[in-house]
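Just so you know, ligand 1 is whichever comes first in the structure, and atom 1 is the first atom listed for that ligand. Below, each value reflects all heavy atoms present in this structure, side chains not excepted, and no hydrogens, waters or symmetry copies.
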Amino acid sequence: MVKPSVFVTRRWPAAVEARLAEDYDVVLNTGDKPLAAPELRDALKTYDAVLPTVTDKLGAEALDVPQARARILANYGVGYSHIDEGCARDLGLTVTNTPDVLSECTADIAMTLMLMAARRASEGERELRNGQWSGWRPTHLIGTKVSGKTLGIIGFGRIGQEMAKRAHHGFGMKILVQNRSTVDPKVLAQFNATQVDSIDALLPQCDFVSLHCPGGPANRHLINGRRLDLMKQDAYLINTARGEVVDEHALAQALWFDIIAGAGLDVYDGEPRINPDLAGCDNLVMLPHLGSATREAREAMGFRVLDNLDDFFAGRTPRDRVI
Ligand SMILES: NC(=O)c1ccc[n+]([C@@H]2O[C@H](COP(=O)([O-])OP(=O)(O)OC[C@H]3O[C@@H](n4cnc5c(N)ncnc54)[C@H](O)[C@@H]3O)[C@@H](O)[C@H]2O)c1
Ligand SMILES: O=C(O)[C@H](O)CO
């Protein structure tokens with residue numbers, strides 16, 4: 001039997017690439033360079049399946065392929081706001097993602113950012129590495145206590161709930177939630193959490209706010225200058241969701257002029273380009289999109305793509321079909 005041909009847009013963990021090669025006729029992007037729209041269009045014309053990830057901008061330009069051979073985009077990652085839903089539907093493409101298997105690790109990174117920002121960990125490390133530490137003193141790099149404080153979670157899905165678990169059960173935090181739909185009271189009860197009616201009502205009540213909603217046009221600049229003004233002056237914003245969810249210019253202003261105390265970012269609008277206004281803020285902790293970057297999560301994501309491909313080519317609805 002002829003194996004379906006699949007194109008993988010970036011290098012994946014070796015164990016997953018090996019499994020993929022057993023069942024499919026695989027072509028890898030061996031140089032691991034991010035692909036431009038013409039290369040993505042060629043892939044869609046040439047292979048039965050394209051396996052993209054967050055660095056592939058599958059917008060109107062890349063999906064302008066009237067004669068696509070590909071019938072499925074099996075995305076490596078849970079977020080798929082880099083894929084234009086309307087264009088994918090117009091081409092009749094099935095789109096799948098990789099939920100659940102990275103939720104714990106992404107929540108771990110959100111906790112890391114929260115703790116690092118509150119305890120000024122990046123500032124401390126910079127000081128040490130620059131040879132500027134003059135020793136312990138009672139007034140040195142004073143941060144904010146995290147335990148027992150109030151955490152607002154915007155987007156209470158899989159990762160938002162993992163964040164609540166860590167913050168409530170590990171750090172005794174009070175949890176407030178804002179979600180697009182009503183959250184099951186039994187789920188809220190697990191974290192003694194309260195769902196708040198609106199983002200505007202949530203922000204002034206929180207010491208920390210962590211974003212866990214998807215990106216995409218509907219959530220672009222969900223956190224803007226007006227909403228940053230609603231936060232407490234001693235509060236912190238954490239974003240592991242998508243860069244476009246935060247107006248980065250407004251965030252840089254808020255950090256620079258002490259409208260809020262600090263922030264922690266894992267994701268950036270237009271990444272890997274970094275807004276220079278942000279890079280100049282000392283009260284900002286920055287990580288390079290590390291949410292799912294553990295061996296365990298990255299392998300599980302790849303095997304989850306394989307599950308989706310196996311379903312699709314066996315004529316079943318893939319378990320993680322999103323389009
Ligand atoms: N930093 C990373 O490496 C990393 C890793 C994984 C996921 N992510 C991001 O995290 C996102 C969430 O992943 P998930 O698996 O928890 O998704 P999910 O679908 O389980 O949860 C998202 C939740 O956000 C809610 N929501 C959507 N828009 C909202 C809005 N405007 N206001 C309030 N709530 C809103 C939805 O109702 C849903 O409950 C992904 O879409 C992805 O962009 C980032
Ligand atoms: O959404 C995700 O899974 C991560 O951000 C990587 O794409």
Side-chain angles (χ1 to χ4, degrees), residues 9-10 12-13 34 51-58 73-83 85 95-114 152-166 176-184 187-188 193 195-203 206 209-224 227 238-246 264-269 271-272 285-294 296-302 304-305 308 320-323:
T9 65
R10 302 301 299 265
W12 287 8
L51 279 40
T53 190
V54 64
T55 56
D56 301 306
K57 302 295 165 238
L58 287 155
L73 293 175
N75 189 59
Y76 182 90
V78 68
Y80 57 94
S81 58
H82 51 287
I83 301 174
E85 286 203 41
V95 178
T96 60
N97 69 348
T98 59
D100 302 319
V101 291
L102 42 50
S103 299
E104 293 176 320
C105 291
T106 306
D108 290 349
I109 279 288
M111 285 299 298
T112 303
L113 284 170
M114 185 166 75
I153 298 180
I154 299 180
F156 205 56
R158 293 167 290 242
I159 300 171
Q161 289 173 36
E162 286 295 335
M163 181 69 177
K165 187 192 292 177
R166 285 154 180 69
L176 298 181
V177 164
Q178 216 290 312
N179 194 58
R180 205 170 37 185
S181 52
T182 304
V183 179
D184 181 343
V187 173
L188 291 173
Q195 183 161 10
V196 177
D197 285 345
S198 67
I199 295 179
D200 288 5
L202 174 128
L203 293 173
C206 299
V209 174
S210 192
L211 306 177
H212 297 288
C213 59
N219 286 342
R220 183 167 181 77
H221 293 184
L222 197 68
I223 301 299
N224 53 22
R227 286 192 162 141
I238 308 301
N239 186 13
T240 58
R242 279 293 180 264
E244 68 260 24
V245 178
V246 175
L265 302 179
D266 188 43
V267 287
Y268 306 86
D269 200 7
E271 62 185 52
V285 178
M286 304 170 92
L287 295 179
H289 205 147
L290 292 182
S292 62
T294 62
E296 293 87 344
R298 291 285 166 85
E299 286 188 356
M301 289 159 70
R304 191 80 174 221
V305 174
N308 284 311
D320 303 315
R321 182 176 183 169
V322 288
I323 297 176

**Asked** So among Asn97, Asp320, Thr98, which one has a side chain to side chain donor-acceptor pair (under 3.5 Å) with Arg304?
**Response**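 Passing option: Asp320.
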Per [atom], closest listed option by heavy atom ([options]):
atom	options	answer
atom 5 (C) of ligand 1	Leu222, Val78, Thr106	Thr106
atom 11 (C) of ligand 1	Gly79, Cys213, Ala107	Cys213
atom 3 (O) of ligand 2	Thr106, Ile159, Val78	Val78

Relative to the heavy atoms of [X], which atoms of ligand 2 are at a distance of less than 4.0 Å?
X	value
Val54	7 (O)
Leu102	3 (O)
His289	4 (C), 5 (O), 6 (C)
Gly79	1 (O), 2 (C), 3 (O)

**Request:** Just jot down the ligand 1 atoms closer than 4.0 angstrom to any heavy atom of His289, in number order.
**Result:** 1 (N), 2 (C), 3 (O)
**Prompt:** Quick one: which ligand 1 atoms are inside 4.0 Å of a heavy atom on Ser292?
**Reply:** 3 (O)
What residue and atom, counting heavy atoms only, is the protein's closest point to [atom], and at what distance?
atom	result
atom 27 (C) of ligand 1	Pro214 CD, 3.3 Å
atom 28 (N) of ligand 1	Asn219 ND2, 3.1 Å
atom 32 (N) of ligand 1	Gln178 OE1, 3.7 Å
atom 19 (O) of ligand 1	Arg158 NH2, 3.4 Å
atom 24 (O) of ligand 1	Gly155 CA, 3.4 Å

**Message:** So which atom in Gln195 and which in Asn179 form the shortest heavy-atom distance, rounded to 0.1 Å?
**Reply:** NE2-O, 3.7 Å
**Prompt:** Minimum heavy-atom separation for Ser292 to Ala297, with atom names?
**Reply:** O-CB, 3.4 Å
**Asked** Just by modelled atom types, is the Thr53 backbone N or O under 3.5 Å from a matching donor or acceptor in the Asp56 side chain?
**Response**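 Checking the backbone N and O of Thr53 against the side chain of Asp56, a donor-acceptor pair under 3.5 Å is found.
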**Message:** Any nitrogen or oxygen of Arg242 lying under 3.5 Å from a nitrogen or oxygen in ligand 2? Just yes or no.
**Reply:** yes
**Message:** Is the shortest side-chain heavy-atom distance between Cys213 and Arg242 below 4.5 Å?
**Reply:**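 Sidechains of Arg242 and Cys213: no contact.
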**Message:** Below 3.5 Å, N or O to N or O, backbone or side chain included: is there any such pair between Asn179 and ligand 1?
**Reply:**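 Yes, at least one N or O pair falls under 3.5 Å.
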**Request:** Give yes if a backbone or side-chain nitrogen or oxygen of Ile159 is under 3.5 Å from a nitrogen or oxygen of ligand 1, and no if not.
**Result:**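 Yes, since at least one N or O of Ile159 sits under 3.5 Å from an N or O of ligand 1.
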**Fill in**
Checking heavy atoms under 4.0 Å, the part of Arg242 that sits near ligand 1 is side chain
**Prompt:** Is Arg166 salt-bridged to Glu162, cutoff N-O under 4.0 Å?
**Reply:**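 Looking at Glu162 together with Arg166, the answer is yes, because their closest N to O distance falls below 4.0 Å.
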**Message:** With a cutoff of 4.0 Å, is Ser103 in contact with ligand 1, counting heavy atoms of the residue only?
**Reply:**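 The answer is no, since Ser103 has no heavy atom less than 4.0 Å from ligand 1.
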**Message:** With a 4.0 Å cut-off on heavy atoms, is Ala241 in contact with ligand 1?
**Reply:** yes
**Item:** From NE2 (His212) to CZ (Phe156), nearest 0.5 Å
**Value:**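 Taking NE2 in His212 and CZ in Phe156, the distance rounds to 9.5 Å.
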**Item:** Result of checking Leu290, Thr106, Ile238 against Asp266 for side chain to side chain contact (heavy atoms under 4.5 Å, CB included)
**Value:** Leu290
